[in-house]
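Shown next, in structure tokens, is the structure this report addresses.
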Amino acid sequence: MAVGFGKVILLGEHAVVHGRPALAAALQRGAEARTVAAEGPELEVATWELLLRAHGERDPGPHAMLQSAFEALLEAYEPPPALRVQVELSLPGGAGLGGSAALSVAVVRALDAALGLTRSDDEVAEMAQRAERVFHGNPSGIDAAMAAHGGVCRFERATGVRTVRPARPLPLVVGYSGEQGSTKQTVASVARQFEREPERVGEIFDAITAVVQNGQRAIEEGELDRLGQLMILNQKLLSSLLLSTPRLEEMCQAACEAGAYGAKLTGGGGGGCMIALCEGPEVSAKVAAAIEAQGREAFITEAGA
Ligand code: PMV
């Protein structure tokens, strides 16, 4: 089975689009894919009861973009493979957990395996990035890189991914606000703010960079308390870029009141998901229950699959 990992951004989203570093961790959830023989290239997403043909009739619904993204991946395969790629997703879409990149990585790996091709993780990520451009406009590449590499990483546009070694596991609760955030829109909004007020927004990016540098040390030294404080600070900075929502704020507050070291939105914002860093299983269970008590979904995980 070919796999692509979902991810959470621990610190540094949005600033990463503008060349700053970010820290991300792969999730145990993501996408799994395999292939069966077909007449031409096809994509089946069982989770959404969806079957698309490349270069066939355009899908009239919300999946037209997925069809174009699949075609972007297929540009690297000549002749077009007579294979149906069957994908199963274990992440909500539009939630800021890198679902589209996980899907693209799983598709590339399944096709490569069937065709006897070998590619490095970096090459797979580069392929998935073609599809990410269709979905997201100007993606930094962090989602594709994490989907291919897994683990905990520091990412920068200029240098790509570097593995970070946590001194101890990072227990996380992921809460889904139920509001669909559009990463494409929030990335465009931050770009407009940066254009209008380069000094103010540049200073926010500088502050986020400092949070990321300190966060990396906290992870490497196993200082979860400090990492939690940095997450809270990062959330305030994201909120000053108008990326949070009242619901995300409530969820972060509930998580901290239930004992989390810190909490913040993760990914594109404007809805989507938040994460809360916890000491261990007992606190994680309390935090997840507090989020669920607000009528939201939550799952417990450990960062760095
Ligand atoms: O919403 P997601 O999971 O695609 O995360 C996006 C992270 C951003 O920094 C907001 C955008 C990017 O391309 O890095």
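Bear in mind the structure is a predicted one, so any value in this text is a computation, not a measurement. When a ligand or atom number is given, it counts from 1 through the structure's own listing order.
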Legend entry - Carboxylate-amine/guanidinium contact Arg53 Glu39, below 4.0 Å: no
Legend entry - Pairing residues for His63 by the ring-ring contact (aromatic ring centres under 6.0 Å, His included) criterion, not counting sequence neighbours: Trp48
Legend entry - Phe299 six-ring face occupied by Arg29 cation (under 6.0 Å, within 45°): yes
Atom pairs and distances, donor-acceptor, side-chain atoms in residues 272-293, under 3.5 Å, two or more places apart:
| residue | atom | partner | partner atom | Å |
| --- | --- | --- | --- | --- |
| Glu279 | OE1 | Tyr261 | OH | 2.2 |
| Glu279 | OE2 | Arg168 | NH2 | 3.3 |
| Ser284 | OG | Gly280 | O | 3.1 |

Inset, instruction - Taking ring-ring contact (aromatic ring centres under 6.0 Å, His included) as the test, write out the residues that go with Phe194, two or more places apart. - result: His18, Phe205
Output block, N or O contacts of ligand 1, threshold 3.5 Å exclusive:
| residue | atom | partner | partner atom | Å |
| --- | --- | --- | --- | --- |
| ligand 1 | 1 (O) | Thr183 | OG1 | 2.6 |
| ligand 1 | 1 (O) | Gly268 | N | 2.9 |
| ligand 1 | 3 (O) | Lys7 | NZ | 2.6 |
| ligand 1 | 3 (O) | Gly96 | O | 3.0 |
| ligand 1 | 3 (O) | Gly98 | N | 3.3 |
| ligand 1 | 3 (O) | Asp143 | OD2 | 3.3 |
| ligand 1 | 4 (O) | Asp143 | OD2 | 2.8 |
| ligand 1 | 9 (O) | His14 | N | 3.0 |
| ligand 1 | 13 (O) | Ser140 | N | 2.8 |
| ligand 1 | 13 (O) | Ser140 | OG | 3.4 |
| ligand 1 | 14 (O) | Ser140 | OG | 2.5 |

Legend entry - Leu238 CG to Gln235 CD distance, which is reported to the nearest 0.5 Å: 6.0 Å
